[in-house]
Chemist: 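The structure under discussion is supplied below as structure tokens; questions concerning it will follow.
Computed from a predicted model, the values in this text were never measured in an experiment.
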Amino acid sequence: MANYLIITEKPSAAQNFVKALGGKVGSFEGNNFNITNLRGHVMTLKEPEEMVAPDLQKAYKSWTLKYMPWNLADFKWQRTYIRSRNLRTGKSESSKKLLDELKAESKKGYDALVIATDTDPSGEGDLLAWEAIDAIGWKGQVLRANFMDESPKSIKAAMRDLTDVTDKNQHGAYLKGESRNRWDCASMQLTRIATTSAKKAGYKVVAREGRLKSVIVWKIYEQLEAIKNYVRTPYYEVKFKDPAGHVFGRVTKDGDVIPWRFATKDEGQADMAQYHSSAVVNEKHQTRTQAPGRLLDLAGLAAVLAPRGYASKEVLATYQKMYEAQVVSYPRTEDKTVTPEQFNELLPLVDRIADLVGVDKSLLTHRQPRPTHVKAQGAHGANRPGTNVPADVQSLKKYGDSAMAIYEVLAKNYLAMLAEDYVYDHVTAELQDYPNFKTAFNLPIKLNFKLVYDSYAATRVDDDDEDGQAGALGPMADPYLHEGANKKPQHPSTKWIMAYLEKHNVGTGATRVSTLSEMGKGQKAMLREAKGKLTLTETGNVSAVMVKGTWIASPKITKRLFEMMDEVGEFKMTVPKLLESVTQVVEHDMPIMVANAEALQATLGAPKPKPVRKVSEKTTGTFKGEEITFAKEWSGHKFTDEEITKLLAGEEISFPAKSKRGKDYTAVGKMAKQTFKGSTFYGFKLNPKDRK
């Protein structure tokens, strides 16, 4: 019998382990256990200058370009505690307290620590667990519990099949996570280079550059520039149309010069003079089928929901809460299919799920595993509904604004594979006198899965419609002059950028969503996301121009970096070898960024002037025997001489004021010593509200 200390990733995960194993402390299949938890990452890499020898600290702290690229052999890769704000108390807290408690607990006679953090494709869960294990100085056995999700069944299965990972240098998932962590730390050189160069050009922004951020920001900028520079160029060509509206035209490969297109209407009409009405011949009908579309990943889900007004950060946060309640499956999966076991687990629940989201159960007749959707290989399985089916969709609101929409889309997308194939008539024909003029279109016969959910249509970026005009072909078609134009580039959107990243195989679905979410946060945001449409901030525009022509903005290079991190996890590449690529990227990109900075003003115009901060008038007086200086104004109210006298005497004053929302109220308070961002000051302090 062994004694295990089970380390979960967060309090909610610990609670799910408690439910699965029957208590916080107990016995499972002959082994004793105690369940504890981290709070995500509890350690972080120190600043670069803190990880090198003292005589090198000045160089590694500097943002001056002459000190780059760094010699990564100088780094000791040390970590320190994380300080974060406690959302409940509002106070800043260090992770040291949690780690001290974990260290004390680990000394109570345990035979092994069990890593029970998320089993995610990036190795993040293994990395944050080892950060804690190293911090407490544990030297004993370490085991890994790999679970599909946080359901009792998965947790119990994981505890029955623990893997020994005592040697972290032989733990592939940890090495993958650590290699990514070190790469991202070392690549901050690119942010320093871009920011320093941009500031010299007058742009006081932090140009955050990274292996996925730079790809995204450059592609959005490039698309916005294409829209800005778009000039509609009409063309004219002869086409034919029959009485039912079917159009007959000539087709060439994309990119080919089309000799029968003319720049002017007169040229087009002259060409049309040589054509006459023609009979429609060689009409052919072929019954075809189309299987349901693939299961959506997190990026696809975010893309579908964005036009409804749900930003990536909202979808990401809400999905995580729903996953912790097992209402939906694991978010950060790379799988696009489910395993037979996962399929069979959800099969008895599909009728309840269908009723919940308003799907006609009579459509769900294909209840055998489809080889396109169900495969033996896989880990967490594709994003799908969880085994905890809610009583009604309204109850999902507690998880977040987008919860009902998330569940509806995921459920319908999953249920669609249980419907039959779409059946349609593929019709082709040509003109007797001009056989190069052809038509082809599809006519629906049985919609089947399309009546449940059509992920093809939901994620398609272009607006091409495959279905054609109904009605009988021919018997004759008449020539007409068709006016077309070069297509205007579409506005960048969440769906559009997700499709681009997937096409180039850059990052996982979850990574794409989390990166896009991060890029839109705070005052230093690079982009804005509004109902799925993406625009760039000044910081985003500067960051984009700075990476023009660089490797860090290349999807090909970024894809290769992700592949190399996979290779580290598979022991095909060492961490030091991977980090050589950082130096190669910096050496290549630094001179390009310097040159790009010189073109910033010509490209973007003069930088926006920073708003001048209003400085409040100060006054001096004696308060409690101490001479103090304080602001003569508070929230737009300028204190009278009488009010200043009362404040210095420690008396309470009141005056009319307006809240941030413009509501009138009476401000009541007195002089007090206060703290803001670590600095103390004296000033008027509003009395706390009475709590009833």
Chemist: State which residues pass side chain to side chain donor-acceptor pair (under 3.5 Å) with Arg180; sequence neighbours excluded, sorted by chain then number.
Modeler: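 Counting only residues at least two positions away or on another chain, Arg180 forms a side chain to side chain donor-acceptor pair (under 3.5 Å) with Glu124.
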Chemist: So, taking the atom named OG1 in Thr333 and the one named CG in Leu295, what distance separates them when rounded to the nearest 0.5 Å?
Modeler: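 Interatomic distance, Thr333 OG1 to Leu295 CG, rounded to 0.5 Å: 10.5 Å.
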Chemist: For Asn596 and Val545, indicate whether the former's side chain and the latter's backbone hold a donor-acceptor pair under 3.5 Å.
Modeler: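 Yes, because the side chain of Asn596 sits within donor-acceptor range (under 3.5 Å) of the backbone of Val545.
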Chemist: Applying salt bridge (Lys or Arg N to Asp or Glu O under 4.0 Å), run through Lys176 and Asp126 and close with a yes or a no.
Modeler: CA-CA 9 Å; Lys176 182 178 180 180; Asp126 299 87; over 6 Å; no
Chemist: Run Lys321 and Glu324 through salt bridge (Lys or Arg N to Asp or Glu O under 4.0 Å) and show every step you take.
Modeler: CA-CA 5 Å; Lys321 293 175 187 174; Glu324 290 169 5; over 6 Å; no
Chemist: A side-chain contact here means heavy atoms from C-beta on lying under 4.5 Å apart; do Gln320 and Leu316 qualify?
Modeler: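 The answer is no; the side chains never approach within 4.5 Å.
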Chemist: Where the side chain of Thr191 meets the backbone of Arg208, is there a donor-acceptor pair that is under 3.5 Å apart?
Modeler: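 Judged by distance alone, no pair lies under 3.5 Å.
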Chemist: Keeping the roles fixed (side chain from Ser395, backbone from Asp392), state whether a donor-acceptor pair exists under 3.5 Å.
Modeler: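 It does hold such a pair.
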Chemist: Under the side-chain contact (heavy atoms from CB on, under 4.5 Å) rule, what do Ile557 and Thr550 come out as? Steps first, then yes or no, please.
Modeler: CA-CA 10 Å; Ile557 295 294; Thr550 61; over 6 Å; no
Chemist: For Val542 versus Ala198, what's the shortest heavy-atom pair and its separation?
Modeler: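 Minimum heavy-atom contact is CG1-CB, 3.8 Å.
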Chemist: Please name the residue in the list Ser517, Ser312, Ser493 that meets the side-chain hydrogen bond (donor to acceptor under 3.5 Å, both in side chains) test with Glu529.
Modeler: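 The passing option is Ser312.
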Chemist: Would a distance-only check, ignoring hydrogens and angles, find a side-chain to backbone donor-acceptor pair under 3.5 Å from Tyr230 to Asn486?
Modeler: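 Checking the backbone N and O of Asn486 against the side chain of Tyr230, a donor-acceptor pair under 3.5 Å is found.
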Chemist: Could you walk me through whether Arg384 and Leu410 pass side-chain contact (heavy atoms from CB on, under 4.5 Å), step by step?
Modeler: CA-CA 5 Å; Arg384 61 194 184 280; Leu410 270 190; 5.7 Å; no
Chemist: According to the ring-ring contact (aromatic ring centres under 6.0 Å, His included) rule, which pairs have a member within residues 512-567, sequence neighbours left out?
Modeler: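 Counting only pairs at least two positions apart or across chains, the ring-ring contact (aromatic ring centres under 6.0 Å, His included) contacts touching residues 512-567 are Trp551-His588.
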Chemist: Do Glu518 and Ser514 get their side chains close enough for a donor-acceptor pair, meaning under 3.5 Å?
Modeler: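 No, because no side-chain N or O of Glu518 sits under 3.5 Å from a partner of the opposite role on Ser514.
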Chemist: With sequence neighbours left out, write down each residue that passes side-chain contact (heavy atoms from CB on, under 4.5 Å) with Ala457, or none if nothing qualifies.
Modeler: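 Counting only residues at least two positions away or on another chain, Ala457 forms a side-chain contact (heavy atoms from CB on, under 4.5 Å) with Asp454, Arg460.
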Chemist: Who passes side-chain contact (heavy atoms from CB on, under 4.5 Å) against Lys412, sequence neighbours left out?
Modeler: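 Scan of Lys412 (side-chain contact (heavy atoms from CB on, under 4.5 Å), adjacent residues dropped) gives Val357, Val359, Glu408, Tyr453.
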Chemist: Mind checking the OH-OH spacing from Tyr422 to Tyr456? Nearest 0.5 Å is all I need.
Modeler: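 The distance works out to 12.0 Å.
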Chemist: Examine distances only and state if a side-chain atom of Ser659 and a backbone atom of Lys663 form a donor-acceptor pair shorter than 3.5 Å.
Modeler: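 Checking the backbone N and O of Lys663 against the side chain of Ser659, a donor-acceptor pair under 3.5 Å is found.
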Chemist: For Ile227 and Pro489, work out which heavy atoms get closest and say how close.
Modeler: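 Shortest heavy-atom contact: CG1-O, 3.5 Å.
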Chemist: According to side chain to side chain donor-acceptor pair (under 3.5 Å), does anything in residues 502-513 pair up with another residue at least two apart or in another chain? List the pairs.
Modeler: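 For residues 502-513, and leaving out neighbouring residues, the side chain to side chain donor-acceptor pair (under 3.5 Å) pairs sorted by first residue read Arg294-Glu502, Thr508-Thr511.
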Chemist: Using a cut-off of 6.0 Å, state whether more than 12 heavy atoms not belonging to Lys548 lie near its atom NZ.
Modeler: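 Atom NZ in Lys548 is not packed in, count stays at 12 or less.
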Chemist: When you check the side-chain N and O atoms of Asn37 and Thr8, is any donor under 3.5 Å from an acceptor?
Modeler: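 No donor-acceptor contact under 3.5 Å links the two side chains.
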Chemist: Check whether any side-chain heavy atom of Tyr500 lies under 4.5 Å from a side-chain heavy atom of Val461, and answer yes or no.
Modeler: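 Counting from C-beta outward, Tyr500 and Val461 never come under 4.5 Å.
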Chemist: Could you pull out all residues at least two apart from Arg367 that satisfy side-chain contact (heavy atoms from CB on, under 4.5 Å)?
Modeler: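 side-chain contact (heavy atoms from CB on, under 4.5 Å) check on Arg367 returns Leu347, Val350, Asp351, Leu364.
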Chemist: Between Glu131 and Asn181, is any pair of side-chain heavy atoms under 4.5 Å apart?
Modeler: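 Heavy-atom side-chain distance check passes, below 4.5 Å.
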Chemist: Salt bridge or not for Arg370 and Asp421, using N-O below 4.0 Å?
Modeler: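 A salt bridge links Arg370 with Asp421.
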Chemist: Check side-chain contact (heavy atoms from CB on, under 4.5 Å) between Arg182 and all other residues, then give those that pass, not counting sequence neighbours.
Modeler: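 Only Trp77, Glu178, Val575, Leu579 meet the side-chain contact (heavy atoms from CB on, under 4.5 Å) criterion with Arg182.
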Chemist: Is the backbone N or O of Ile82 less than 3.5 Å from a side-chain atom of Ser95, with the two atoms forming a donor-acceptor pair by type?
Modeler: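 Yes: the side chain of Ser95 pairs with the backbone of Ile82.
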Chemist: Thr117 side chain to Glu9 main-chain N or O, any donor-acceptor pair under 3.5 Å?
Modeler: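 No, because the side chain of Thr117 does not come within donor-acceptor range (under 3.5 Å) of the backbone of Glu9.
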Chemist: Can you name the ring pair (Phe, Tyr, Trp, His ring centres under 6.0 Å) partners of Phe17, sequence neighbours left out?
Modeler: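 Ring pair (Phe, Tyr, Trp, His ring centres under 6.0 Å) list for Phe17, sorted by chain: Phe147.
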Chemist: Please check this pair: side chain of Asn442 against backbone of His426, looking for a donor-acceptor N/O pair closer than 3.5 Å.
Modeler: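 Absent.
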Chemist: May I ask you to decide whether Arg560 forms a salt bridge with Glu567, counting only side-chain N to carboxylate O separations under 4.0 Å?
Modeler: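 Looking at Glu567 together with Arg560, the answer is yes, because their closest N to O distance falls below 4.0 Å.
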Chemist: Is there a side-chain contact between Glu538 and Pro607, using heavy atoms and a 4.5 Å cut-off?
Modeler: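 Yes, close enough: below the 4.5 Å cut-off.
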Chemist: Please find the pair of heavy atoms, one from Thr119 and one from Ala145, that lie closest to each other, and give the distance.
Modeler: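 For Thr119 versus Ala145, the nearest heavy atoms are OG1-O, 4.1 Å.
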Chemist: Using side-chain heavy atoms (C-beta onward) and a distance below 4.5 Å, is Gln342 in contact with Met148?
Modeler: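 Of all side-chain heavy-atom pairs linking Met148 with Gln342, at least one is under 4.5 Å.
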Chemist: Distance-only check: which donor-acceptor pairs under 3.5 Å involve side-chain atoms of residues 218-225, not counting sequence neighbours?
Modeler:
from, atom 1, to, atom 2, distance (Å)
Gln223, NE2, Gln490, O, 2.9
Glu225, OE2, Lys228, NZ, 2.9

Chemist: Between Glu420 and Asn448, is there a side-chain donor-acceptor contact under 3.5 Å, judged purely by atom types and distance?
Modeler: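 Short answer, no.
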Chemist: If a pair satisfies ring-ring contact (aromatic ring centres under 6.0 Å, His included) and one of its residues is in residues 314-337, list it, with sequence neighbours excluded.
Modeler: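 Counting only pairs at least two positions apart or across chains, the ring-ring contact (aromatic ring centres under 6.0 Å, His included) contacts touching residues 314-337 are Tyr323-Tyr330, Tyr330-His380.
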Chemist: In the structure I gave you, are the side-chain heavy atoms of Gln326 and Lys19 within less than 4.5 Å of one another anywhere?
Modeler: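 Not in contact.
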Chemist: Any side-chain heavy atom of Phe449 sitting closer than 4.5 Å to one from Met417?
Modeler: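 They are not in contact (no side-chain heavy atoms under 4.5 Å apart), so the answer is no.
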Chemist: Show me the pairs that pass ring-ring contact (aromatic ring centres under 6.0 Å, His included) and involve residues 510-533, at least two apart or across chains.
Modeler: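 The answer is none; no pair qualifies.
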Chemist: Kindly say whether Ile552 contributes a backbone atom to a donor-acceptor pair with the side chain of Asp589 at under 3.5 angstrom?
Modeler: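 Side chain of Asp589 to backbone of Ile552, a donor-acceptor pair under 3.5 Å: yes, one is there.
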Chemist: Taking all heavy atoms of Ile353 and all of Ala411, pick out the closest pair and write down the distance.
Modeler: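 Taking Ile353 first and Ala411 second, the nearest heavy atoms are CG2-CB, 3.6 Å.
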Chemist: Using 0.5 Å steps for rounding, measure from the CG atom of Leu534 to the NZ atom of Lys495.
Modeler: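 If we round to the nearest 0.5 Å, Leu534:CG and Lys495:NZ are 12.5 Å apart.
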Chemist: Flag the pair Leu447 / Tyr424 as yes when at least one side-chain heavy-atom distance between them is below 4.5 Å, and no otherwise.
Modeler: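 In short, these two side chains do not touch, never coming nearer than 4.5 Å.
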Chemist: Got a sec, which residues hit side chain to side chain donor-acceptor pair (under 3.5 Å) with Arg39, two or more places apart in sequence or on another chain?
Modeler: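 Arg39 satisfies side chain to side chain donor-acceptor pair (under 3.5 Å) with no residue once adjacent residues are dropped.
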Chemist: Can you tell me how far the CD atom of Glu563 sits from the OG1 atom of Thr558, to the nearest 0.5 Å?
Modeler: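 Answer for the CD-OG1 pair, Glu563 versus Thr558, is 11.0 Å.
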Chemist: Can you confirm whether the side chains of Asp335 and Thr337 place a donor and an acceptor under 3.5 Å from each other?
Modeler: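 There is no such pair (donor and acceptor under 3.5 Å, judged by atom type) between the side chains of Asp335 and Thr337.
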Chemist: Hey, could you give me the CG/OG1 distance between Leu301 and Thr494, rounded to the nearest 0.5 Å?
Modeler: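 So the gap between those two atoms works out to 11.5 Å.
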Chemist: In Å and rounded to the nearest 0.5 Å, what is the CD1 to CD1 distance from Ile216 to Ile497?
Modeler: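 These two atoms lie 6.0 Å from each other.
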Chemist: Consider only side-chain N and O atoms of Glu345 and Thr387, and report whether a donor and an acceptor are under 3.5 Å apart.
Modeler: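 Side chains of Glu345 and Thr387: no pair found under 3.5 Å.
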